[in-house]
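A quick note: this is a predicted structure, and the numbers were derived from the prediction, not measured. We name chains A, B, ... by the order of the sequence lines, and we start the count at 1 in each one.
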Amino acid sequence: MKEKYPFKEIEPRWQQFWEERRLFYTDVSDAGKKYYCLMMFPYPSGALHVGHGRNYIIGDAVARYKIMRGFKVLAPMGWDAFGLPAENAAINTGRHPRDSTRENISIMKRQIISWGCCYDWDREIATCEPEYYKWTQWFFLKFYERGLAYKARAPVNWCPSCATVLANEQVVNGRCERCGTAIETRELEQWFFRITAYAQRLLDDLEKLDGWPERVKTMQANWIGRSEGTRLDFRLVPRPDGGSDPFDTIPCFTTRVDTIYGCTYMVIAPEYPHIDELVRGLPQEQEVLEYVRRSLRTPRAARTSESAEKTGVFTGRYVVNPYTSEPVPLWVADYVLMEYGTGAVMAVPAHDERDWDFARRHGLKIKLVIQNPERTLRLEDMQQAYTDFGLLVDSGPFSGLSSSEAIQKMTAYAEEQGFGGPQVHYRLRDWLISRQRYWGAPIPIVYCEKCGTVPVPEDRLPVLLPDNVEFRPHGESPLKRCPEFMNTTCPRCGGAAQRESDTMDTFVDSSWYYLRYLSPHDDHRAIDSQACNRWLPVDQYIGGVEHAILHLLYARFFTKVLHDMGLVEFDEPFAHLFTQGMICKRSPKDGKLYKMSKSRGNVVSPDKLIEEYGADTVRLYTLFIGPPEKDAEWSDQGVEGAYRFLRRLWKKVYDHQDVLRESVPGKIDRRLLDPEERELYRQTNSAIQSITDDLEGDFHFNTAVARIMELLNAIDRLSVHRDSAPSRKAVFAHALRNLILLISPFAPHIAEELWVQLGNPPGILKVDWPTADPDALAMEEVELAVQINGKVRARIRVAADASEEEIRSLALSDERVKKWTEGAEVRKIVVVPGRLVNIATRRHSS
RNA sequence: GCCCGGGUGGCGGAAUCGGCAGACGCAACGGACUUAAAAUCCGUUUCCGCUGACGCGGAGUGGGGGUUCGAGUCCCCCCCCGGGCACCA
């Protein structure tokens, strides 16, 4: 055994050992307690930094722990390999995305292996390979068959810098999630997945997800944005010139039908269909058309920002309030959004802040119809809208009702009268999946002049991405300029036809990869239903919280569709979700803390650290850095600390090799131990107990590592040498042996090596996880704090099983306690066994 | 504005059910070893006051109030930070 901790020598050796023994290769047909441990697969961006490592290290620690607990663990890894960055790089360098992606994959795979993270590499998948995207296309066809994929002209988010459309989920504060460019709205024909058809189920089933963090569920619920209200149809007052209109009612959605008697005007969005026909020939026509044109040009971000002033114009038309039969003016204003509700809003300025602002600005009538039950409102005094619930006034037959009663009754009335009824709205929009880019799975659709839109037959999949394309940014997919790809024959009539040139959003690829791991190379079907039903839902999914909405919502949607198709029995993919926090580092530029990223220049490469300290040090520090679900700041000195600890551990074993090798593990008889030995034995068992609890609970790796450090400190306190008593040697060996087992999921290389040095056969993963001896946890004597009125004034030592009476008298007879209780009346004594005694006293005023 | 988190030493963070606040690590300081340095080992470190000293007393978990023998933990009010949603009708 070497004196100095030889991490450089042992780490590659054990990595090879795990690979050769195929310890992480899983036969999925095998019975047994299964545990599917899944880490979010990475986008092959180039090279990993230590921030990425947190994900894999946590997952690997969990997998190793579960293996030692006797589970059959499935831990696969793959690559989310399609995507914009590779294509943007191709535009700049001319290098084909396939080549750069493959190269990045091999760099990152090497890094993951050098971290000591183990996977079933036979199941490795890359979404950019035809054997994978063939089935992404197949799912598209299935969605198309079921009416869940459709093409529609719609106002969409356009990123001028990426030159592509984006899903709503990829627009953050009106800017492109990737490049930060302000998003424009364009009216384009695009492909959508009908996720809104699943809105209610996606919302309801959040309740089933006990193993998910509350905050992720809340974020998804917010995103789905269910809102209950009332639909009301407002009849259009016929044109004064007797001309015809494109429609005769304007439906609107409201959550506050109780305020309808205060509706003094109605507003429609500038995108509202056929506005031009509504105003044709009216004096307002030019002004309205000009206003609409201007609004449509305004970027969405500017239009919807809070500070934006509420502009709008009167159309010259009126609609009829269905409750009062009174006409109210119809306005166009861009504070109303076409995407939400019906694109039309009944405006009640007295009871809605936005309508209040708008009405004040444009001199519209304000009518008070809800009274504050606490304090009578007078319109003249009001500085802002009263938006709370209250009692209805001036509301015809509904006057006097409370808002909540009124909402019910008035909605029922609308239904009876046939001009409306209850309605539920969702904020969630359909998922826009087409991208005008090359590096993605081609949408398997053909356009034929005769037959129209024709899906590519399943047996002609995959629609392969052509290689010989030119990468230039010109707002349409490079595929469009590739005639070999574009020109095809119609699968239906055999005539000349054109292919769809758009590719799919990469979130489609990642919506089903966790199913493909069960049969990664099956070229007959997308997934192996039987194996999926056995292994899913995923027992533990681990990844970054940045995917709380996007990926996790899409994957849930996919699973539900597959469930409805009869392909899988489960309808939620991930039973437990763990979202780890980001690793941050101060930026060298401004000294502020940021998430590690190449562009900030604050990344720490694992390669250098592993070279200098070894993978186990990096792993141990990464787990110790803080609560794994929270963000953490990387500290180079913290890494040193972890390294120091492992060196100390190595030296401990090195210094006591003889003692350790000669003592055979066996039952330890506590009665034969002296107090020091008994204390170490107790601490060993206590460490086993709490580390197991930490891992079974919410992955408290930071406290688990702390407990291991404490155990080594405790081991240090017991002096042992060649001539020590056998019992002492046995306790010492027992403690170290268990420490090595306990640390093995975190620092597996050193654990394997020391395990062998202790005289055990290689392969610590085959050893059972230790269990604590409950008898050993008990202390014979405990120290109790004695409080007087809640302040600690003394300490007493008592037998652990001392009666309350004994403790009481012992406490009262303590010198220091006497000093404090002298001349005071003891009112009450509280004894908390094993912890403290509190004596409440009262001083007599003398 | 609404909905989630969170606020504890110089720093990262511990603290089952309400029971000794500051585990563990970092940093700093003092000492040992060394010709010296590094490494290592030992010790000190919440703040304030008193003491020659072993010590003693007081305050203390963002602020204020409450419940309790006892509050970082429970209740009420407020402040600050992070995240999500947001002209959503």
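In this structure, B:A23 forms no base pair with any nucleotide, since neither Watson-Crick nor G-U wobble geometry is met with both distances under 3.5 Å. When both distances must be under 3.5 Å, the Watson-Crick or G-U wobble mate of B:A28 is B:U44. Taking a pair to require two hydrogen-bonding distances under 3.5 Å in either a Watson-Crick or a G-U wobble arrangement, B:A89 remains unpaired. Pairing for B:A71 is absent, with no Watson-Crick or G-U wobble pair whose two atom distances lie under 3.5 Å. Of the nucleotides present, B:G84 is the one that pairs with B:C2 by Watson-Crick or G-U wobble criteria, both distances under 3.5 Å. Across the strands present, B:C54 finds no partner; the criterion is a Watson-Crick or G-U wobble pair with both atom distances under 3.5 angstrom.
Nucleic acid contact class of A:N713 (heavy atoms, under 4.0 Å, all strands): sugar-phosphate only. Nucleic acid contact class of A:R647 (heavy atoms, under 4.0 Å, all strands): sugar-phosphate only. Within 4.0 Å (heavy atoms only), A:S635 reaches no atom of the nucleic acid at all. Using a 4.0 Å heavy-atom cutoff across all strands shown, A:R827 reaches no nucleic acid atom at all. When heavy atoms are screened at a 4.0 angstrom cut-off, A:R354 is found touching base atoms of the nucleic acid. No contact: A:I708 has no heavy atom under 4.0 Å from any strand. Among the protein residues, A:K630 comes within range of no part of the nucleic acid, since none of its heavy atoms lies under 4.0 Å from any strand. A:R793 comes within 4.0 angstrom of the backbone, heavy atoms only, and of no base. Across all strands, A:R231 comes closer than 4.0 Å to no nucleic acid atom at all (heavy-atom distances). Residue-level contact check: A:G626 touches neither bases nor backbone, having no heavy atom under 4.0 Å from any strand.
For A:N222 and B:G83, the CG to P distance is 16 Å, given to the nearest whole Å. At whole-Å resolution of the value, OH in A:Y265 and C1' in B:A89 are 11 Å apart. What separates CZ of A:R717 from P of B:C42 is a distance of 10 Å, to the nearest Å. Atom CD1 in A:I549 sits about 18 Å away from atom P in B:C3, given to the nearest Å. Between A:L620 atom CG and B:C26 atom C1' the separation is 14 Å, expressed in whole Å. Going from atom CZ of A:F645 over to atom P of B:G12 covers 23 Å, rounded to whole Å. Distance A:E353 CD to B:C2 C1': 12 Å, rounded to the nearest Å. Rounded to an integer number of Å, the gap from CE of A:M582 to C1' of B:G5 is 14 Å.
As rounded to the nearest Å, B:A32 and B:A38 have P atoms that lie 14 Å from one another. If you take atom P in B:G31 and the same atom in B:G63, they sit 38 Å apart, rounded to whole Å. For the C1' atoms, the distance linking B:G52 with B:C47 amounts to 24 Å, nearest Å. Taking atom C1' in both B:U16 and B:G65, one finds a spacing of 29 Å when rounded to whole Å. Comparing the C1' positions of B:C80 and B:U61 gives a spacing of 16 Å, expressed to the nearest Å. If you take atom P in B:C20 and the same atom in B:A71, they sit 11 Å apart, rounded to whole Å. Here, B:C3 and B:C77 have their P atoms 13 Å apart, quoted to the whole Å. Between the C1' atoms of B:U40 and B:U34, the separation comes to 11 Å (whole Å).
Contact annotation: side chain of A:R427 to base of B:C85, donor-acceptor pair absent below 3.5 Å.
Expressed to the nearest 0.5 Å, how far CG of A:N738 lies from CD1 of A:I688 amounts to 4.0 Å. Atom OH of A:Y265 and atom NE2 of A:H362 lie 9.0 Å apart (nearest 0.5 Å).
Counted within 6.0 Å of CD on A:E546, heavy atoms from surrounding residues, nucleotides or ligands total more than 12; the atom is thus considered enclosed. Other residues, nucleotides and ligands place no more than 12 heavy atoms under 6.0 Å from the CD atom of A:E353.
Nearest to the side chain of A:Q787, among B:A89, B:C85, B:G19, sits B:G19. Nearest to the side chain of A:E710, among B:A23, B:G25, B:A27, sits B:A23. You'll find that the side chain of A:N838 is closest to B:G70, out of B:G84, B:C87, B:G70. Taking only side-chain atoms of A:N702, from C-beta outward, the nucleotide of B:G57, B:A21, B:A14 with the closest atom is B:A14. When the nucleotides B:C85, B:C26, B:A89 are ranked by their closest atom to the side chain of A:Y340, B:A89 comes out on top. Of the listed nucleotides (B:C20, B:G13, B:C87), B:C87 has the atom at the smallest distance from the side chain of A:L337. Here B:G58 is the nucleotide among B:A86, B:A14, B:G58 with the atom lying nearest to any side-chain atom of A:W820. The side chain of A:T255 lies closest to B:A89, out of B:G57, B:G19, B:A89. With B:A89, B:A27, B:C3 as the choices, the nucleotide that has an atom nearest any side-chain atom of A:V336 turns out to be B:A89. Checked against B:G13, B:A89, B:G25, the side chain of A:F624 finds its nearest nucleotide in B:G25.
Considering only side-chain N and O atoms, A:R835 lies nowhere under 4.0 angstrom from the phosphate OP1 or OP2 of B:G70. Contact between the side-chain N/O atoms of A:K791 and the OP1/OP2 oxygens of B:A59 is found at a separation under 4.0 Å. Dashed line: the shortest gap from a side-chain N or O of A:R644 to OP1 or OP2 of B:A27 is under 4.0 Å.
Between A:T311 and A:R361, the side chains place no donor N or O within less than 3.5 Å of an acceptor N or O (distance only, hydrogens not considered). Side-chain contact of A:T196 with A:Y426: a donor-acceptor pair under 3.5 Å is absent, judged by distance alone. Side chains of A:N789 and A:R827: a donor-acceptor N/O pair is absent below 3.5 angstrom, by distance only.
Ring geometry for A:Y335 versus A:F358: interplanar angle of 30 to 60°, hence tilted. By the 30° and 60° cut-offs, the orientation of the rings of A:F419 relative to A:Y323 is perpendicular.
B:C76 shows a glycosidic angle more than 90° from 0 and is accordingly assigned anti. Glycosidic torsion of B:G9 falls within 90° of 0, placing the base in syn.
The residue from A:L232, A:T230, A:L392 that alone fulfils the side-chain contact (heavy atoms from CB on, under 4.5 Å) condition with A:M410 is A:L392.
Residues A:E214 and A:D693 both approach RNA chain B. Their nearest nucleotides, taken by heavy-atom distance, put A:E214 toward the 5′ side. The residue among A:D716 and A:D357 whose nearest nucleotide of RNA chain B is located toward the 5' end is A:D716.
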